[in-house]
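Working notes for the structure below.
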Amino acid sequence: MAIFREAELILPSLYMLDSSGGFIRTKDLIVALTNRLTPTGKDATLIAGRNDTHFSQKVRNLVSHRTLDNLGLANYIEAKNGLQITVKGKSHLVANQLTIDYLMENNFSWGDVKPALVALSDPKTEIDIFKEIFEGDTGATKETKIYKRSKELRDAAIDTFLKDYGALSCNICLFNYEETYGNAGKGFIEVHHKTPIYMYKGADQVKTIEQAIKNLAPVCANCHRIIHRTRPPYTIEQVAEIYQKIRTISP
Ligand SMILES: [Zn+2]
Ligand SMILES: [Zn+2]
């Protein structure tokens, strides 16, 4: 099967179709994907003499080339100018659910998720993700491998943070769970992924984790929520600046 240029948008489109109840109009799909993936650079620029950016043209092509129809993943409904997800489309989405949720819901930038989406559009490439927040109910069997990987990364990160900073304090507000909650807070910190962290099948896990740690930042739960309030997310530096500014103004 030929890989189309717009193939990286297959899973994000199925994600959008599914979250809008199975059907979405082409123009709404363009808006939804643009808002969610916030394309930048050339992707965000207008094509000469057209109302489309390179990104929205890619979404339009995905529909007009009948890419999803040809793969049996969705049907184009001409009368409504939109796409309806098929049973096969739904199962393709479910098979990649954890990965696509991770890529779509952490507000990563388009440039950061694009390589992963390109890799996912080739059925021969398998990637494993490391979830950002993995605590809580992870009973589902499907999640076990990802849970283990994520926990290994988190544990390695905490060792590194302890070595580098001497304590597990928030990189933004310096909150320290142990100082505030004693033993109940000992060893606790959230780990923010500055860029998505995933591993190609067969890659060296130790090396992946070593490289991944450079993309992690220890943050408290409050600051972490603020980081992810915008799309794309604030950077650590931006939230630190906001935090410092408010503290300087407040009496
Ligand atoms: Zn904090
Ligand atoms: Zn985060």
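What's counted below: heavy atoms across the whole structure, side chains too, no hydrogens, waters or symmetry copies. Indexing begins at 1, ligand by ligand and atom by atom, following the structure's order. In this text the structure is predicted, and so the values were computed from the model without any measurement.
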- Message: Filter on side-chain hydrogen bond (donor to acceptor under 3.5 Å, both in side chains), then keep only pairs touching residues 158-171, sequence neighbours left out; what's left?
- Response: Ser169-Asn176
- Leu120 side, atom CG; Ile100 side, atom CD1 - distance, nearest 0.5 Å: 6.5 Å
- Query: For atom CD of Gln238, is the number of surrounding heavy atoms from other residues, nucleotides or ligands below 6.0 Å larger than 12?
  - Reply: yes
- Short N-O contact, Asp43 and Lys58, less than 4.0 angstrom: yes
- Message: Please check if the number of heavy atoms outside Glu152 that lie under 6.0 Å from its CD is greater than 12.
- Response: yes
- Interatomic spacing from CG in Asp122 to CD1 in Ile127 - rounded to 0.5 Å: 11.5 Å
- Message: Which of the protein's N, O or S atoms come within less than 2.8 Å of the Zn ion (ligand 1), not counting waters?
- Response: Cys170 SG, Cys173 SG, Cys220 SG, Cys223 SG
- Angle class for the His192/His228 ring planes (parallel below 30°, perpendicular above 60°, tilted otherwise)? perpendicular
- Task: Indicate if the distance from the Zn ion (ligand 2) to the nearest N, O or S atom of Glu190 falls below 2.8 Å.
- Result: no
- Note on the structure: Answer key: the N, O or S atom of His192 nearest to the Zn ion (ligand 2) is ND1
- Identity of the N, O or S atom of Glu132 lying closest to the Zn ion (ligand 2): OE2
- Query: Linking I/L/V/M/F/W/Y whenever any side-chain heavy atoms sit under 4.5 Å apart, do Val31 and Tyr15 land together?
  - Reply: no
- Message: Using a distance threshold of 2.8 Å, state whether an N, O or S atom of His228 lies below it from the Zn ion (ligand 2).
- Response: yes
